[in-house]
Colleague: 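Have a look at the structure that comes next, please.
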Amino acid sequence: MAARVLSLLAKHKLLLVIAIAIGLRLVALVAFRQHFAYSEPGGVIHGSVAYDEYALNLLETGVYGREAGAPDAGLPPLYSYVIAAIYSIFERHYLAVAALHILFDALSIALLYDISRRLFPRPAHRGDWIGALAGLFFALYPYLIFQNLTLNDTALWILLLHLFVWLLIRLRERATYDRGTLALAVAAGLALGISALARALLPPLAILAGLWFLLKLSPRETLRRLLPVAIVSLLAPLPWLLRSYDIYDGFVPIALNSGENIYQGNNPYAAAVFRAGYDVQWLPAPPDAPPTDAPLQRNAFLAEAGWRYLRENPADALDLIFLKLLVSWNPQVTPLRNLRQGEKLSVDETGAVLIVSGEGSHVGVTAANAAYQDDSLFNVIGRNLHIVYFGGAWLLAITGVWLSRRHWRMLSLLVFVQISQTLVYLLFHPSTRYRSPTDPLLFVFSAVAVVWVVGWLMPLSRSFRPSSRNPR
């Protein structure tokens, strides 16, 4: 009887992993309801208040803008439109948003499973087990359980990232160029273009994907497959770009928060703030920056100020980039420290980071940050749990990369995901929240290590251990 149950669970392991993911998120919703129930009286939003405001204004006025009836392009629009659709159906309720995010996570796990199955296609490579284990690591990942139940776009972004990677794999698998191949190329282009309306971070991955295609296909066949991807990806966000141009009478690179992010991550005080363990988002803009009521000019000014700092301070820039790399891949949750409610960050003329109360900075901490203060459950237990969980998965992933090195032509796509997204945030400013969407794809290598270990510990089940032969 036990053998039949185990056999049944093994046969339906993907459904089991998805069930575990859904169950854990529902338990978290109940156990920590006070942190997620922003729609109830006295509730506060963890994530981004802006998404809620954009969605509500969109429903009320039909205009995408932070101020009701006033169109803008302050943030990429996709997630706010999704939330507005949910609000229109279920009203403004945190459970509806949480259910949507849980659905996104379930779909992402299914894609992750099939990505692994396709990267390790032969039975001897046990791609099904690798995919199930990677999905389980995702399902159990404490950081993303909490993160994806709050009001932010992380769950949506993970789904778009996994969908794009899955479509690239499907596209490269096609032996001939036919209508099915073209359909996959168009779908990949749509995923790439639509993702830019959430976070414009996938183009570097698309460029590296060209190298991945060339490892198997000729330059001609690579171009035939990826040219439609590029064309469709440029056409998909075009209506939004034209709308923004009409509003501001100038080109807007998806949203007007890019310049601020570039400057915050690249200025004379950023390294000091990183070393102090805080997030550079608390840094004020230069005093000579254009005012907020001139957003196009302000965005361009801040972007140029950030790039100019890197150009004019190459030695400091190298130190800053190294710091950002440590912040991004730190096994601890970064930023390492959070401001308490009522505290603000400022930097004095010597570059020393000061934490002050009351006035002193353009940004303050709201009540929503209470969950991250020093004496909270998430800060005391959550941070230590993350060190153990992600640190262990990270070490397993390094081992998995080494063990699967013979398959580098196929698996390099997963490495390109990590490289491209790390490079993006080295140009901006990193944190665990920004790195975590790529963690499930990193867990594929963690799963490879586990499968190898189990294979060596089960000498009677040698077929469980991946073959040393190249799968392609």
Side-chain angles (χ1 to χ4, degrees), residues 35 46-48 137-138 141-148 150 152-155 157-158 161 199 201 257 260-267 269-283 306 317-340 343-345 347 353 355 363 365-366 368-395 397-398 417-443 446:
H35 298 298
H46 293 275
S48 176
F137 287 144
F138 180 10
Y141 192 10
Y143 186 88
L144 284 180
I145 291 175
F146 175 78
Q147 182 73 205
N148 288 359
T150 63
N152 71 77
D153 65 343
T154 303
W157 173 245
I158 292 174
L161 172 62
R199 300 183 190 181
L201 305 178
N257 63 343
E260 184 176 40
N261 285 322
I262 291 169
Y263 175 76
Q264 288 173 348
N266 304 285
N267 64 74
Y269 309 116
V273 174
F274 281 132
R275 286 196 175 92
Y278 291 97
D279 197 317
V280 291
Q281 68 172 312
W282 305 117
L283 284 169
L318 287 175
D319 177 61
L320 179 59
I321 289 173
F322 180 71
L323 273 174
K324 291 180 183 180
L325 189 63
L326 293 179
V327 169
S328 182
W329 286 99
N330 196 323
Q332 302 180 81
V333 174
T334 57
L336 301 176
R337 296 182 176 86
N338 288 294
L339 301 181
R340 292 178 176 272
E343 290 183 340
K344 298 180 182 181
L345 182 148
V347 181
V353 176
I355 306 301
V363 177
V365 182
T366 68
N369 292 82
Y372 313 108
Q373 293 176 4
D374 293 340
D375 55 356
S376 71
L377 174 67
F378 289 105
N379 209 35
V380 175
I381 297 179
R383 285 182 176 275
N384 291 323
L385 180 61
H386 186 272
I387 293 173
V388 174
Y389 192 93
F390 178 75
W394 185 67
L395 292 175
I398 294 174
V417 170
Q418 305 301 330
I419 291 174
S420 65
Q421 300 309 287
T422 299
L423 289 176
V424 167
Y425 284 114
L426 291 183
L427 293 177
F428 292 89
H429 54 88
S431 70
T432 299
R433 183 171 79 87
Y434 296 141
R435 189 212 65 235
S436 61
T438 65
D439 288 347
L441 291 167
L442 180 73
F443 294 160
S446 306

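Please read all numbers here as calculations on a predicted model, not as lab measurements.
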Colleague: Under the salt bridge (charged side-chain N to carboxylate O under 4.0 Å, His left out) test, which residues partner R199, sequence neighbours left out?
Modeller: D153

Colleague: Report the C-alpha separation of I419 and L423 in whole Å, then their side-chain angles, then the decisive distance to 0.1 Å, and conclude whether the side chain to side chain contact (heavy atoms under 4.5 Å, CB included) test is met.
Modeller: CA-CA 6 Å; I419 291 174; L423 289 176; 3.9 Å; yes

Colleague: Please report the C-alpha distance between T438 and L442 in whole Å, then the side-chain angles of each, then the deciding distance to 0.1 Å, and finally whether the side chain to side chain contact (heavy atoms under 4.5 Å, CB included) criterion is met.
Modeller: CA-CA 7 Å; T438 65; L442 180 73; 6.0 Å; no

Colleague: Tell me, please, which residues at least two apart from S431 pass side chain to side chain donor-acceptor pair (under 3.5 Å).
Modeller: none

Colleague: Are any of the side-chain heavy atoms of W282 and V273 separated by less than 4.5 Å?
Modeller: no

Colleague: Would a distance-only check, ignoring hydrogens and angles, find a side-chain to backbone donor-acceptor pair under 3.5 Å from Q281 to Q264?
Modeller: no

Colleague: For N384, check side chain to side chain donor-acceptor pair (under 3.5 Å) against everything at least two apart and list the hits.
Modeller: none

Colleague: Atom CZ in F390, atom CG in L144: separation rounded to 0.5 Å?
Modeller: 10.0 Å

Colleague: Can you see which heavy atom on F274 is nearest to which on V327, and at what distance?
Modeller: CD2-CG2, 3.8 Å

Colleague: N330 and side chain to side chain contact (heavy atoms under 4.5 Å, CB included): which single residue from L325, L336, I387, T432 fits?
Modeller: L336

Colleague: Can you list the residues that meet the side chain to side chain donor-acceptor pair (under 3.5 Å) rule with Y141, with sequence neighbours excluded?
Modeller: H386, R435, D439

Colleague: Closest approach of L320 and A271, non-hydrogen atoms and distance?
Modeller: CD1-N, 3.8 Å

Colleague: Got a second to check how far I158's CD1 is from S436's OG, nearest 0.5 Å?
Modeller: 6.0 Å

Colleague: Rounded to the nearest 0.5 Å, what separation is found between the CG atom of D279 and the CZ atom of R337?
Modeller: 13.5 Å

Colleague: Suppose we screen for side chain to side chain donor-acceptor pair (under 3.5 Å). Which residues come up paired with T422, at least two apart in sequence or across chains?
Modeller: W329

Colleague: Indicate the atoms forming the closest heavy-atom contact of H429 with G265, along with that distance.
Modeller: CB-CA, 3.8 Å

Colleague: With salt bridge (charged side-chain N to carboxylate O under 4.0 Å, His left out) as the rule and sequence neighbours excluded, what pairs involving residues 419-428 come up?
Modeller: none

Colleague: Check whether any side-chain N or O of K324 sits under 3.5 Å from a backbone N or O of P430 as a donor-acceptor pair, and report yes or no.
Modeller: no

Colleague: Could you give the distance from OG1 (T150) to CD1 (I145), rounded to the nearest 0.5 Å?
Modeller: 13.0 Å

Colleague: Do the rings of Y434 and Y425 sit parallel, tilted or perpendicular, given the 30° and 60° boundaries?
Modeller: parallel

Colleague: Using only atom types and a distance under 3.5 Å, with no angle test, would you say the side chain of Y278 pairs donor to acceptor with the backbone of A272?
Modeller: no

Colleague: Donor-acceptor pair, distance only, cut-off 3.5 Å: does the side chain of Q332 make one with the backbone of R383?
Modeller: no

